[in-house]
Every structure is written in C-alpha cells, then in structure tokens.
Protein chains: 4
Amino acid sequence: MFFNIDPTNGLAIYDQIGRQVKFAVADEALCPGDLVPSVRELAKQLAVNPNTVARAYRELQSEQVLAGVRGTGLQVTPGAPQLCRDQRETLLGHRLRSVLLEARRSGLSDDELRKLVDDELSHLFAGGKSK
Amino acid sequence: MFFNIDPTNGLAIYDQIGRQVKFAVADEALCPGDLVPSVRELAKQLAVNPNTVARAYRELQSEQVLAGVRGTGLQVTPGAPQLCRDQRETLLGHRLRSVLLEARRSGLSDDELRKLVDDELSHLFAGGKSK
Amino acid sequence: MFFNIDPTNGLAIYDQIGRQVKFAVADEALCPGDLVPSVRELAKQLAVNPNTVARAYRELQSEQVLAGVRGTGLQVTPGAPQLCRDQRETLLGHRLRSVLLEARRSGLSDDELRKLVDDELSHLFAGGKSK
Amino acid sequence: MFFNIDPTNGLAIYDQIGRQVKFAVADEALCPGDLVPSVRELAKQLAVNPNTVARAYRELQSEQVLAGVRGTGLQVTPGAPQLCRDQRETLLGHRLRSVLLEARRSGLSDDELRKLVDDELSHLFAGGKSK
DNA sequence: GTGGTCTAGACCACC
DNA sequence: GTGGTCTAGACCACG
C-alpha cells in the first residue's frame, strides 16, 4: 500500500497512520466502501505492532471515517471523503505553520526560507509522481 | 526573551528549547560569552518545570553549545555560532521535509501545495520582522 | 545482575551506572544484541530512582552504546564493544591517576604508596574472581 | 603553595582543599604553629571562590586541624600532625579501593590492572619529586 | 543567586 | 510489560 511511517518526525505512529488514511481518502486513493488493509497486514507491512494499527483504526472509527463490517473488515464510510478533504488543509497547515514559524524565528531571511522550501519541494518532486 | 514553546507540535519541550537556543545562536541573538537565561528564570517564563529546562541545557552542554561557569550560569561557547549555523538547515530541513512529504502524499497537486506554503508564509510574515 | 553503586565515591549515581554498563560491555558480560535490565528493574535492584537509571541509559544511547527497541527495551549496539574497550583504560586511568596523584602529593614515599596499592589489590583479589 | 585542584575528579573542591591541607600536615610541609594561606590568597591562587576556601578551613577548624588566632589567621594545631597522619591512609585507601574495585569489576585481569597502576605510577614519578 | 543531582510519582506511546 | 516525558520539590556545591 501507500503508507510509510517515520518514527522520528515527532508524530505518534498511530497518528501518522490515521492521518495517512485520511489523506488517502481525501485523495480518492481510498473510496467509500473500500476495505482498509487488515490490522495484521498493515502492521506487518509497516513493521509496527498490531496494537498500534488497531488504535489508529479505532480512532478513525470514532471519527466516522471508517466503519466496521462484521466478519469482513473496516471500510471507508460514505461521508469520509468530504470529511477528510475538509481536514486535509487544517491538518497539514498546522504542522506546516509550526515548522515555518520555527524557521522564521531562527533568523532565516524570507529568501533563505523560501529557498529552503523550494529545495525540499524539488527534492520531493524529483522522485515522486506529479498529479 | 525570545523563546516560546508549543506543547502540541510533536517535539518534546526540552527539544524545542534546545532547538530555539541553537537557532538564537545561529541568528546571533545569542553570541559567544552571553549567558543564557538561568534554568529557573527560563522555566518560569515558559511555565515549564525547571528540570525540563535543565535537561535542554544539559544536552546543549554535551553538544558544546553551552558551557557552565560555576555559580554564574551557562555561557554560549566560542564554537557555537559555527556549529549552530551548520545545524540550522539540517534541523529545519528535516522537519520541513517530513511535513512536505506528508502533504505530497496526501494528493495535493504541486500548485495546491505551493499555495498552501505561500499562504502560511504570508500569514507569518504579515506580523513578523523581515530580516 | 552485576551492578552495584557506591553513593559515597564522588561519582554521580547515573555516571556510575553508565560506567558499569560500559565496563560490562568491554568485559563481554554484555554483548551486542543483549537487552540491558529495564529501567524499572535496575532501579529497584539498585534501590535508586528510575529516573536516575533512565538518565544513565539515555546518555548511553547518545553515545551509541545502547539503542532502543520500541516497547522491548534497550539493546547493546554492534559497535559498543569496540567503543567500550577503547574507553575502559581512559575512564579507569583518569580516576586512578587522580587518586595516585593525591597520594603522591600527600608525602607517601614510593614504597609506601606501592604497598598501599598492593594491600588494596590483595584485599580485592582475596574475594574476587581472577580472570 | 602546594595545592592544586581538579574540578573533574568527583570530589567537591572544598573537600579537595581540606584533604590537601591534611596531607600537607601529615607530610610535615605544614607544622604546628604554621599559618595557612589566607582565605583570599588561597582562593586567588586556586582560582576558586573565597567562600569555598572558607568552607574548607571552617571544617578543618571543626576537626581541630586548624585553629584561629584573632587578627592573625589560621594556624596548624599541635595535635594536627598525629591526627592527619592517622587519617592519611584511611582517606587515600578509601578512594583507591573504590577505583580499584571498579577496575577489577570491569574485567581487567590482575596483570592488566597491575600494569595500568604501574603505568600511572611511572608517569607520576617521571615528573615528580621522589621522597 | 547559580547549576547539578536525586527522589517520587504522573501520564503517554508502544509491545 | 517497555522506555520517554514532564512535574514538583528536595538537597548540595559554589559565587
């Protein structure tokens, strides 16, 4: 699948999983009715403890992003796309603002900061798809 | 002083303090020989436990950014500016890359992502100094 | 286990713990991949506060002697044996030199000093293993 | 004078001063009736705070090693030589035992340990007087 | 006043 | 169960 986790980026692993599920829904990589990977499968894939995945899924259920279907697994709810698209910019914006604020306060000039952002963006896009 | 902490940004408080000290040194807001605020004073100012500040300062000492002058306080070392400038882009870049990567993978297009960054940047610079 | 601390020997407890871990690694009593005792267990065994053990372990991690395995414990790193053997004589030599220097300056003659050392050595070896 | 302090050897500075005064008395470098250096002079010489020297002297007075003579200074008491000679081996032996014990437990063999001691002894005696 | 060390005990993330 | 973080508050050494 499309998930990857970074244990050093400050965010809790279960939180990273939850965010990535939401982003996948926002991106229509996951659509209403789709089944998310099983706890055990995703845990193996991410080299993470199943409890951690279970916790992420549990919280996504309580946010109505996922819903359990007995004996089948967890599937994306009909309302999830709207909800996830709405949250996307908020979730990303908060983290982004935090790091930009720190950078700003570190004394980088506007130009240096924009250059740093551009460098990182081009590194990212060099190897990635461009939608 | 110039520090502020955000308990919700994922980074441990002691780490935020350490980074901000380094950034202040990189920005020449703190220069070799300057005394950093006392453990107790900074703790009070940040509404944080003195041990948390002490831990940040201890790690800065072990990184040779600060040096203790017995009974007097902790002083920025002569080598600190170089060291902190060298680390600045690495420290910021790592966090920045992490959030950009997440944003990228969330399905935002290049344009949407750049727009998000620009929005945040302009919000920041609206109220801040411009070096 | 093999640790014991002496609160009256001048060294901070966390430092004594750190040194003894390194010495155990140098002595191959702890090998790469071995888990060190848990913070809580060692704290109980040494009748010491868990935070004190945690501090020792944290510093050993920052020296690359230990590495954390999430939810499992702390493990001796592959590079630790070399590193610890290299440090052993330095760490011991420094303390030894300090006390010998003091003895020397106290006016003991060579012979008295050597005799004092020999006495202590034989007391130690009377009850200890001989490798 | 004959004192020197090592802020890194674990012993408190005031303790190092006290021990060295006692050792000087044991060694007859200081004799009953001799005045020890004034607090301010010794403090300047050792680059140490006068309060620290004062504390060392205060404790030596309470141990009857020094006695104050109004308007004159502190002088070595008649009983001091006996007392200091008696304490010498105890004080040194305790520190020595502590470091030898640590070395012993670090897995050094008898031979390696004796060699380490001999090395340090010869380094010391290379540059020092031999009584 | 300063920092350094230690204790006691809480809560969190993860296995 | 594990380690990590933080709080609250004590005592010590030193200026």
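Convention: sequence-line order gives letters A, B, ...; per-chain numbering from 1. Values below: all heavy atoms of this structure, side chains included; hydrogens, waters and symmetry mates excluded.
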Is the phosphate of [N] approached by [X] (side-chain N or O, under 4.0 Å from OP1 or OP2)?
X       : N      : result
B/Tyr57 : E/dG3  : no
B/Thr52 : F/dT7  : yes
D/Tyr14 : F/dC14 : no
B/Gln61 : E/dG4  : yes
C/Arg55 : E/dC6  : no

Inset, instruction - Check every atom of F/dG15, F/dT7, E/dC15 against the side chain of B/Thr72 and return the nucleotide holding the closest atom. - result: F/dG15

Legend entry - Upstream residue (5' side of DNA chain E) when B/Val39 and A/Asp15 are each assigned their closest nucleotide: B/Val39

Inset, instruction - Could you pick out which residue, C/Ala12 or B/Ser38, lies toward the 5' side of DNA chain E when each is mapped onto its nearest nucleotide? - result: B/Ser38

[X] [atom1] to [N] [atom2], straight-line distance once rounded to whole Å:
X       : N      : atom1 : atom2 : result
C/Leu46 : E/dA8  : CG    : P     : 14 Å
B/Arg58 : F/dT5  : CZ    : P     : 12 Å
D/Leu11 : F/dC14 : CG    : P     : 10 Å
C/Glu59 : E/dC6  : CD    : P     : 10 Å
D/Asn49 : F/dC12 : CG    : P     : 19 Å
B/Ile13 : F/dT5  : CD1   : P     : 11 Å
A/Leu42 : E/dC14 : CG    : C1'   : 15 Å
C/Asp6  : E/dC6  : CG    : P     : 12 Å

Inset, instruction - Grab the two heavy atoms, one from A/Pro50 and one from A/Val39, that are nearest each other, plus how far apart they are. - result: O-CG1, 3.3 Å

Inset, instruction - Using a heavy-atom cut-off of under 4.0 Å over every strand shown, decide if C/Arg40 touches base, sugar-phosphate, or nothing. - result: base

Inset, instruction - Determine the contact category for B/Gly73: base if any of its heavy atoms lies under 4.0 Å from a base atom, sugar-phosphate if only primed atoms, P, OP1 or OP2 are that close, otherwise nothing. - result: sugar-phosphate

Inset, instruction - State the pairing partner of F/dC14; accept Watson-Crick or G-U wobble contacts with both distances under 3.5 Å, and report none otherwise. - result: E/dG1

Legend entry - Contact check, side chains of D/Arg105 and C/Arg19, non-hydrogen atoms, under 4.5 Å: no

Inset, instruction - Taking atom types as modelled, find out whether B/Gln16 and B/Asn9 have a side-chain donor-acceptor pair closer than 3.5 angstrom. - result: yes

Legend entry - Heavy atoms of other groups near D/Gln61 CD, more than 12 under 6.0 Å: yes

Legend entry - Residues, nucleotides or ligands: over 12 heavy atoms within 6.0 Å of D/Glu89 CD: no

Legend entry - Pairwise 5' ranking along DNA chain F for C/Leu74 and C/Asn51, keeping only the more 5' one: C/Leu74

